[in-house]
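What follows is a single structure, written as structure tokens, with notes after it.
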Amino acid sequence: MKIRRGGVEIYTKTVVATLKVMHSWKYEAVAAYLICWICLFGSSCAAAESRSRGCTTPLWSAEVIGDLSRSRNPASPDLIDSNRAGITFLDNERLVVHEVVLDTSHLSSRQSSDSSPFRLRASVLDAGSGKSTASAEWGTRVHESSIQTTSGGALIRTGETLRLYSRDFVQEKELTLPRSEDTYTVTVSASGKTILINRHDEHSSHFEVLDGGTLSVRQEWSEAPPLRRLYSSSDASIAAADFNQEHILFNEFGGGRWKVIGGRPKLTCIGLPTLVTDSSLVNGCKEFSYLSREGSLIFQDGFPKGEALVRKIAVSQDGKVVAVSLDRTKGSDFWDTGNGVKLVATYVLVYDLPTKKRALTVEVNPLPKDDYDFALSPDGSRLAILDDRHVTVCSVPKE
């Protein structure tokens with residue numbers, strides 16, 4: 001056995017000798033000795049290694065963003081929240097990391113996000129080394145920030161403003177959403193070719209389909225009742241969960257009648273139905289399911305009691321590789337208040353859809369407290385994980 005910590009090699013004989021010394025010590029002394037021993041050989045390196053546990057080929061792990069614990073909104077308990085921080089691949093070789101910070105030197109304004117005290121900061125990093133290659137900053141709203149990858153580059157949302165940046169991270173297009181009391185939800189297809197804007201209130205939704213490379217409008221329509229949560233879009237259609245999260249609904253762009261394509265008993269529950277192509281989708285809940293657009297089950301991976309998938313699903317540009325997040329909990333709560341359930345581990349699972357196999361399992365360690373996100377490169381060869389202030393990038397093995 002050989003353990004590496006910051007370039008220092010410790011062999012089995014050293015460990016055995018140490019254990020002999022500790023054998024006669026009291027438990028308190030043993031604990032103190034272990035702490036000193038770990039620190040002596042590089043606790044920072046140990047932390048970096050723990051964050052990349054499960055990666056076949058860890059490329060790098062580093063502290064990338066600031067401490068956003070004070071930016072945490074108690075009313076929004078989800079760790080995955082682009083309004084605080086997030087990551088996305090600009091292309092196979094570059095990763096964009098963003099964070100929303102409060103800058104009191106800027107005055108707040110209801111008229112323009114540029115005058116808001118909240119700032120969206122983005123850094124472009126080399127995906128292979130973590131080296132910063134570019135950065136930018138914009139004024140934003142506290143609840144309306146995101147960076148998503150499109151076929152044209154990066155779609156940056158800051159409040160009511162959508163900006164399209166090129167692969168070289170140069171602004172090319174800008175679009176301003178009309179200010180209203182309605183809510184805007186902006187989603188991008190897995191291919192990056194299509195942007196769907198959903199302007200909705202409690203009565204109806206108005207949809208606009210934009211070209212991912214130019215922001216030009218390709219199609220628009222309205223329908224009622226509104227579509228407000230748990231849905232995804234491809235280049236031509238929408239998949240959504242029904243109100244009770246028991247069935248998957250499917251519809252083509254342009255409105256019309258929604259049809260049920262999946263649900264119980266094949267699927268225990270519905271999380272976020274995610275279209276990976278125009279003809280297939282995945283669902284994550286108490287099991288991972290890969291289905292055709294007609295609802296035929298292609299592949300399914302179940303989990304033991306106490307394990308379930310969280311809602312976000314990352315997809316490679318060709319729709320062949322998918323990443324999901326799995327939480328492991330222990331305990332139970334008869335009244336379903338959550339007080340008796342404790343999160344003990346979080347994993348990112350990567351699936352290769354053509355082979356119907358799990359390609360990678362990565363434990364997110366330590367458990368994130370304030371911010372958490374993950375992303376796949378367009379070709380599915382790299383996985384990036386944001387764990388509070390740290391980002392880890394590792395390779396996804398190929399069959």
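Please read all numbers here as calculations on a predicted model, not as lab measurements.
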Min side-chain heavy-atom separation [X]-[Y] under 4.5 Å:
X    : Y    : answer
I195 : L215 : yes
Y347 : S325 : no
D318 : V276 : no
D91  : T149 : no
L386 : Y372 : no
T150 : L164 : yes
L120 : I156 : yes
P397 : L360 : yes

Could you tell me the separation between the [atom1] atom of [X] and the [atom2] atom of [Y], rounded to the nearest 0.5 Å?
X    : Y    : atom1 : atom2 : value
F118 : S145 : CZ    : OG    : 9.0 Å
H206 : Y184 : NE2   : OH    : 8.5 Å
H200 : L227 : NE2   : CG    : 8.0 Å
E307 : L326 : CD    : CG    : 5.0 Å
L383 : F89  : CG    : CZ    : 7.0 Å

- Can T133 and D126 be said to form a side-chain hydrogen bond (donor to acceptor under 3.5 Å, both in side chains), step by step? CA-CA 7 Å; T133 61; D126 182 280; over 6 Å; no
Under 3.5 Å, side-chain donor or acceptor atoms of residues 261-268 against the rest of the protein: list the pairs with distances, not counting sequence neighbours.
from	atom 1	to	atom 2	distance (Å)
R264	NE	T268	O	3.3
T268	OG1	E287	OE1	2.7

No-hydrogen, no-angle side-chain donor-acceptor test under 3.5 Å, [X] and [Y]:
X    : Y    : answer
E223 : W221 : yes
T392 : S61  : yes
Y290 : D301 : no
S289 : N283 : no
N83  : H143 : no
T158 : T161 : no
T274 : S232 : no
S166 : D168 : no
T187 : Y231 : no

- Does a salt bridge link R293 with E252, judged by any charged N lying under 4.0 Å from a carboxylate O? yes
- With the threshold set at 4.0 Å, does a side-chain nitrogen-carboxylate oxygen contact exist between R121 and E99? no
- Task: Report the C-alpha distance between R179 and E144 in whole Å, list the side-chain angles of each, state the deciding distance to 0.1 Å, and finish with yes or no for salt bridge (Lys or Arg N to Asp or Glu O under 4.0 Å).
- Result: CA-CA 12 Å; R179 293 298 299 175; E144 300 169 344; 3.7 Å; yes
- Short side-chain to backbone donor-acceptor contact, S204 and P225, under 3.5 Å: no
- Examine distances only and state if a side-chain atom of E160 and a backbone atom of T176 form a donor-acceptor pair shorter than 3.5 Å. no
- Message: Tell me whether K312 forms a cation-pi arrangement with F374, defined as NZ or CZ under 6.0 Å from the six-membered ring centre and within 45 degrees of its axis.
- Response: yes
- How far apart are the C-alpha atoms of S216 and D211, what are their side-chain angles, what is the distance that settles it, and do they pass the side-chain hydrogen bond (donor to acceptor under 3.5 Å, both in side chains) test? CA-CA 5 Å; S216 60; D211 186 278; 5.0 Å; no
- Task: In sequence, state the C-alpha distance, the side-chain angles, and the governing distance for W138 and Y165, and then conclude on ring-ring contact (aromatic ring centres under 6.0 Å, His included).
- Result: CA-CA 13 Å; W138 310 267; Y165 273 63; 5.7 Å; yes
- Please list, chain by chain and in numerical order, all residues satisfying salt bridge (Lys or Arg N to Asp or Glu O under 4.0 Å) with E63, sequence neighbours excluded. R389
- Message: Among T185, D182, V186, which residue satisfies the side-chain contact (heavy atoms from CB on, under 4.5 Å) criterion with R199?
- Response: D182
- Task: Taking side chain to side chain contact (heavy atoms under 4.5 Å, CB included) as the test, write out the residues that go with T194, two or more places apart.
- Result: S189, V209, R218, D235, F253
- Please lay out, stage by stage, how D371 and R84 fare under the test salt bridge (Lys or Arg N to Asp or Glu O under 4.0 Å). CA-CA 7 Å; D371 295 281; R84 289 192 309 270; 2.8 Å; yes
